[in-house]
Amino acid sequence: MRNHNKRVALVTGAGRGIGAAVAFRLAADGFAVAALDLTADSCEDVVSTITDAGGAGIAVGTNVSDEQSVEVAVARVAETLGPPVAVVNNAGITRDNLLFKMSVDEWDSVLNVHLRGCFLVSRAAQKFMTDAGWGRIVNVSSTSALGNRGQANYSAAKAGIQGLTKTLAIELGRFGVTVNAVAPGFIETDMTIATAARMRISFDELKAAIVKDIPVQRSGVPADVASAVSFFLREDASFVSGQVLYVAGGPKA
């Protein structure tokens with residue numbers, strides 16, 4: 001499989017939604033794609049779609065919040081596909097609650113998957129990038145980094161990702177590695193559908209309420225985010241680093 005002569009991109013949370021769209025787009029861009037999620041089975045359909053279209057890819061199960069699990073997964077990607085020189089840190093969960101109701105477990109689980117996971121995967125992969133003298137890291141933040149009711153944990157994690165992004169851009173730039181973030185607004189995914197269910201309203205009702213305040217007058221789809229990620233991984237984006245691109249249909253959420 002390593003004879004494909006493609007640069008290898010690693011995408012976390014690739015089993016569905018934004019992660020799957022990113023995996024498909026990077027494969028179309030010419031990358032071999034390692035699709036990571038909590039279980040390999042959840043990424044098998046994504047990888048099958050990529051390989052059926054003539055691309056190269058593997059599905060790898062990993063818990064991004066666990067150090068050993070991440071190290072094993074990244075090593076497997078390097079051994080099977082080749083050294084991962086592009087990473088998209090997309091894995092995430094929500095455990096929404098108001099502050100006075102939020103448990104420590106709800107706080108920790110969200111921070112661990114989003115922020116700790118982003119740190120662990122980036123740390124494990126950076127050595128392959130610095131050795132190659134070329135690398136791309138794109139972290140998925142959110143407009144919730146600006147603050148969002150009922151999401152103290154999620155907002156803190158996403159704001160932390162933006163700070164981590166800027167720091168890694170400073171540290172890794174001299175090695176030919178750029179580090180950027182995309183911050184999606186309202187994107188139609190299983191996660192936002194679940195949000196509507198928790199609010200006990202239909203998804204169409206939730207979408208209508210949010211879209212009326214979006215300047216472009218539509219909600220986003222995963223492919224919108226994948227397009228932004230694709231730009232950051234391009235060869236001619238090498239002078240763009242430490243940036244946060246809001247993919248939200250307007251200047252703010």
Side-chain angles (χ1 to χ4, degrees), residues 6-38 42-43 46-47 49-50 55-62 64-65 70 73-74 77-78 81-93 113-126 128-129 132 134-142 157-158 161-162 164-166 168-169 172 177-184 187 189 191 220-235 237-238 240-247:
K6 297 173 182 282
R7 281 177 169 158
V8 176
L10 184 160
V11 182
T12 69
R16 60 181 184 171
I18 291 172
V22 169
F24 295 142
R25 176 58 187 262
L26 298 190
D29 288 347
F31 286 89
V33 178
L36 275 63
D37 215 308
L38 199 54
S42 63
C43 294
V46 171
V47 171
T49 300
I50 289 171
I58 58 169
V60 181
T62 189
V64 297
S65 67
V70 168
V74 173
V77 172
L81 272 187
V85 292
V87 165
V88 181
N89 286 303
N90 168 72
I93 61 172
V113 173
H114 289 272
L115 189 53
R116 178 182 169 92
C118 188
F119 158 69
L120 289 175
V121 175
S122 297
R123 188 184 66 174
Q126 58 82 31
F128 298 104
M129 302 180 195
W134 191 96
R136 300 285 187 267
I137 298 174
V138 180
N139 301 318
V140 179
S141 179
S142 168
K158 292 306 194 182
I161 284 174
Q162 294 189 15
L164 178 63
T165 296
K166 293 178 181 294
L168 295 187
L172 298 175
V177 180
T178 66
V179 188
N180 293 284
V182 294
I187 307 294
T189 65
M191 188 177 289
V221 294
D224 292 319
V225 183
S227 294
V229 172
S230 174
F231 163 73
F232 282 130
L233 268 62
R234 282 165 44 174
E235 193 72 49
S238 63
V240 182
S241 194
Q243 303 304 305
V244 179
L245 176 59
Y246 284 83
V247 185

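Hydrogens, waters and symmetry mates play no part in the numbers below; they use all other heavy atoms, side chains included.
Using a 4.5 Å heavy-atom threshold, the side chains of Arg7 and Leu233 count as separate. In this structure the side chain of Val88 reaches within 4.5 angstrom of the side chain of Leu26, judged on heavy atoms. Using a 4.5 Å heavy-atom threshold, the side chains of Val64 and Val113 count as touching. The side-chain heavy atoms of Leu120 and Ser65, taken from C-beta on, include no pair separated by under 4.5 Å. Within the 4.5 Å cutoff, no side-chain heavy atoms of Lys6 are placed close to those of Phe31. In this structure, Leu172 and Ile137 have side chains that are in contact, with non-hydrogen atoms separated by less than 4.5 Å. The closest side-chain heavy-atom distance from Asn180 to Leu245 is not below 4.5 Å.
Residues Trp134 and Val177 come closest through the heavy atom pair C-CG2, 4.4 Å. For the residue pair Ser241 and Ala169, the shortest heavy atom distance occurs at OG-CB, 3.4 Å. When every heavy atom of Thr12 is checked against every heavy atom of Ala91, the shortest pair comes out as OG1-N, 2.9 Å. Contact between Cys43 and Ala35 at its shortest, heavy atoms only, is SG-O, 3.6 Å. The two residues Leu81 and Ala34 make their nearest non-hydrogen contact at CD1-N, 3.8 Å. Counting all heavy atoms, side chain and backbone alike, Ala228 lies closest to Val247 at CB-CG2, 3.8 Å.
For the salt bridge (Lys or Arg N to Asp or Glu O under 4.0 Å) condition, the pairs that include at least one residue of residues 17-35, sequence neighbours left out, are Arg25-Asp29. Within the structure, the side-chain hydrogen bond (donor to acceptor under 3.5 Å, both in side chains) test picks out the following pairs touching residues 82-91 (sequence neighbours left out): Asn89-Ser122, Asn89-Asn139. Under the salt bridge (Lys or Arg N to Asp or Glu O under 4.0 Å) criterion, the residue pairs touching residues 15-24 are Arg16-Asp190, with sequence neighbours excluded.
No donor-acceptor distance shorter than 3.5 angstrom exists from the side chain of Ser230 to the backbone of Ala226, with no hydrogens or angles considered. For the pair Lys158 (side chain) and Val140 (backbone), a donor-acceptor distance under 3.5 Å is present.
In this structure, Leu168 CG and Thr178 OG1 are separated by 11.5 Å, a value rounded to the nearest 0.5 Å. In this structure, CG on Leu115 lies 6.5 Å from CG on Leu164, to the nearest 0.5 angstrom. Going from atom OG of Ser42 over to atom CG of Leu36 covers 9.5 Å, rounded to the nearest 0.5 Å.
With sequence neighbours left out, the side-chain contact (heavy atoms from CB on, under 4.5 Å) criterion links Pro83 to Arg2, Phe128. Judged as a side-chain hydrogen bond (donor to acceptor under 3.5 Å, both in side chains), and not counting sequence neighbours, the contacts of Gln162 are Ser141, Tyr246. Residues satisfying the side-chain contact (heavy atoms from CB on, under 4.5 Å) test with Thr189, not counting sequence neighbours, are Ile18, Ile187, Met191, Thr192, Pro222.
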